[in-house]
Structure formats: structure tokens, C-alpha cells
Protein chains: 2
Amino acid sequence: MSRQKDLVLEILNGSRGHLSAAQIYESARERIHNISLGTVYRDLGELCRDGYIGRFVLSDGSSVYDRTPFPHGHLVCSECGRIDDIEDPCLMDDLNRITAGTLISAEIVAEHICPDCRSSINRAKA
Amino acid sequence: MSRQKDLVLEILNGSRGHLSAAQIYESARERIHNISLGTVYRDLGELCRDGYIGRFVLSDGSSVYDRTPFPHGHLVCSECGRIDDIEDPCLMDDLNRITAGTLISAEIVAEHICPDCRSSINRAKA
DNA sequence: CTCAAAATCAGTAATCATTCCTAATTACTA
DNA sequence: TAGTAATTAGGAATGATTACTGATTTTGAG
């Protein structure tokens, strides 16, 4: 594992995951000033392929990368953009049942309003 | 509704859905030879916004458009690329529960092996 | 009808995320 | 240490999508 690849992995593990390639690139430049975006993409791709990290596609078609390689759903808050994991195992159980055990990968991205924003909205109303 | 927009909608309704903008553009050119790709994109965007059709993002970041605007999951066969709807309501029920009723939209794309390809593979083994 | 305002169009340029390419650098191996 | 393989930085190329522009079509009030 090269210095660049190691840094990319470290940045992702140091965050709560859910970073775009551009965000990781920005962070990485603080430590390796001339690291290239292409390298970040290549390393992210290899880390995905080798099962170190995960990746999922937002509804605008761009990708974000995840600390954990295990398939799980994501909640995107439509107010603040915050991304959380879906811990509930029901969804994957359902998908395994529906695909008769042939499930290879799953992308679940649900847009909702996160608890914090729900509170704000309720306060604003009151 | 313009002639172009109407044609776009008709093409989508005439298919089983799940067409890319480029595919719709190709079909449309058979009837309006000089229709432009930009028009197809604009009309698809408006049809989505106005609730006539749906749209979802594949794992490569590109979009396909769907006859039905109601949120539902999709199964993509990793062997043949075929896309089917998930009829099972459990997934949406789960998501509604998980988001405490604040679910706005959901993208579910599961990669699996479709029944046809499962059969082929089993035949090949035998 | 008639004509002007509004909507829509075709065509093309621009954008954005991502991938590809290449020559140079670095790391491994014997 | 010399040779080879892997990896890099930087930039060019790609592909999907969006934005722009001037021309054309539609619409609706008089």
C-alpha cells in the first residue's frame, strides 16, 4: 500500500465516512501537497475493489465513499444534506428474500428529514 | 404539452420503462428527425417534476427514466443488464418506519441475477 | 383573424465527475 | 546496485447532463 493510498484510507477512516472524491482530495493535499485527483480516484477504486471501503451513488449521479464496505442503506437529509447509515437490517433481509439469495450489491438512498431538522422545523412553527 | 414532450412520454409509456435519455432520443428521432438531445433532457426533467414519470440513477451514475412516478425499487441483473421493478411493498414500508414518516424519495437499486440467467447458469453447470 | 408576448425548439457550447494516458519516479528483488 | 514492476502527477479525453442562444412555434387578447 503506497503512501497516497494509505492516506486516502486514513482520511476516510478518520471521518464518519460519506466523503466525495473531491473532499478526500482536498484533505489529502494538506499532507501531500502535489497528490493528484487521478491518484485519489484510482486508490479509491482499488480500495473498493479490495473490500476496504464502500461507495454509493447520490441522486445527482456523483459518488461518495464510505468507511465500511458492508452494504447498508443511507439516509440523506433533504434540509441539511447530512448522510447517515441505516442500521436496520430489515431492508437487506427483504432484498435477500426478493432476489432469492442472488443479491450481489444494493444501493439504498432515501431522502428524508433528519431528526435535527425535524426539531428545527417544529420550533419554527411554534 | 408540445409534440416533442408528448412523443417522449409516449415512448416511455410504450416501453416497459427503464430507458436512458439517449435511448429515448434515438427512438424519438425516428418520428421527429431533428429533435435535439437537449429537448429530450428538458422534457424528461419537466415530466419528472410534474409527476408523470420517474427517474433513477444507476450505479455508474447515469440515469434511466421510468413510466411510473411512484417510488419503487429496481433489480438490475448483473448478467444481462435487465431491469425489473420490485413489486414487494415491504421495502417502502420499512423506509417509512425508519424515517418516521418523513420519507421524501427513495432510490433502491439491487444488483442480482435474474431468474432467466439463473436458469442458464444452472443449465451450463449440468 | 392578427399580432405581440410567451413558450418551446434545435443546435451547440460549457460543465462536471470521472477515467485514461504518458513519461517520470519510486519501490522491490535478486 | 541494476533491472524490473508498480505507482505517481499532471493533464487530456470521455460521457452524461445542463446552459445558452437565436429562431420558430404556440397562444390568447383585442
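In what follows, chains are A, B, ... by sequence order, proteins preceding strands, each numbered from 1.
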Can you check the [X] [atom1] to [N] [atom2] distance for me, whole Å?
X	N	atom1	atom2	answer
Met1(A)	dA27(C)	CE	P	15 Å
Ile32(A)	dT7(D)	CD1	C1'	12 Å
Ile24(A)	dA17(C)	CD1	P	14 Å
His33(A)	dA9(D)	NE2	P	10 Å
Leu44(A)	dT18(C)	CG	C1'	12 Å
Asp6(B)	dT8(C)	CG	C1'	14 Å
Tyr25(B)	dT18(D)	OH	P	16 Å
Leu37(A)	dT8(D)	CG	P	13 Å

Does the distance from a Lys or Arg side-chain N to an Asp or Glu carboxylate O, for [X] and [Y], drop under 4.0 Å?
X	Y	value
Arg82(A)	Asp116(A)	yes
Asp88(B)	Arg97(A)	yes
Glu10(A)	Arg31(A)	yes

Nucleotide of [options] approaching [X] most closely (side-chain heavy atoms):
X	options	value
Ser2(B)	dC9(C), dT17(D), dA10(C)	dC9(C)
Ile35(A)	dT8(D), dA9(D), dT17(D)	dA9(D)
Ser36(A)	dG10(D), dA10(C), dT18(D)	dG10(D)
Gln4(A)	dA10(C), dT8(D), dA16(D)	dT8(D)
Ala21(B)	dT18(C), dA10(C), dT17(D)	dT17(D)

Taking only N and O in the side chain of [X], is any of them less than 4.0 Å away from OP1 or OP2 of [N]?
X	N	result
Thr39(A)	dA9(D)	yes
Arg42(B)	dT18(D)	no
Ser63(A)	dT18(C)	yes
Tyr41(A)	dT18(C)	yes

Positive for side chain to side chain contact (heavy atoms under 4.5 Å, CB included) with Leu44(B), one of Leu9(B), Leu19(B), Ile53(B): Ile53(B)

Between Ser20(B) and Arg3(A), the residue closer to the 5' end of DNA chain D by nearest nucleotide is Arg3(A)

Sugar-phosphate, base or nothing in reach of Asp60(B), heavy atoms under 4.0 Å: nothing

Given the rule that I, L, V, M, F, W and Y join up when any side-chain heavy atoms are under 4.5 Å apart, are Leu47(B) and Ile32(B) in one cluster? yes

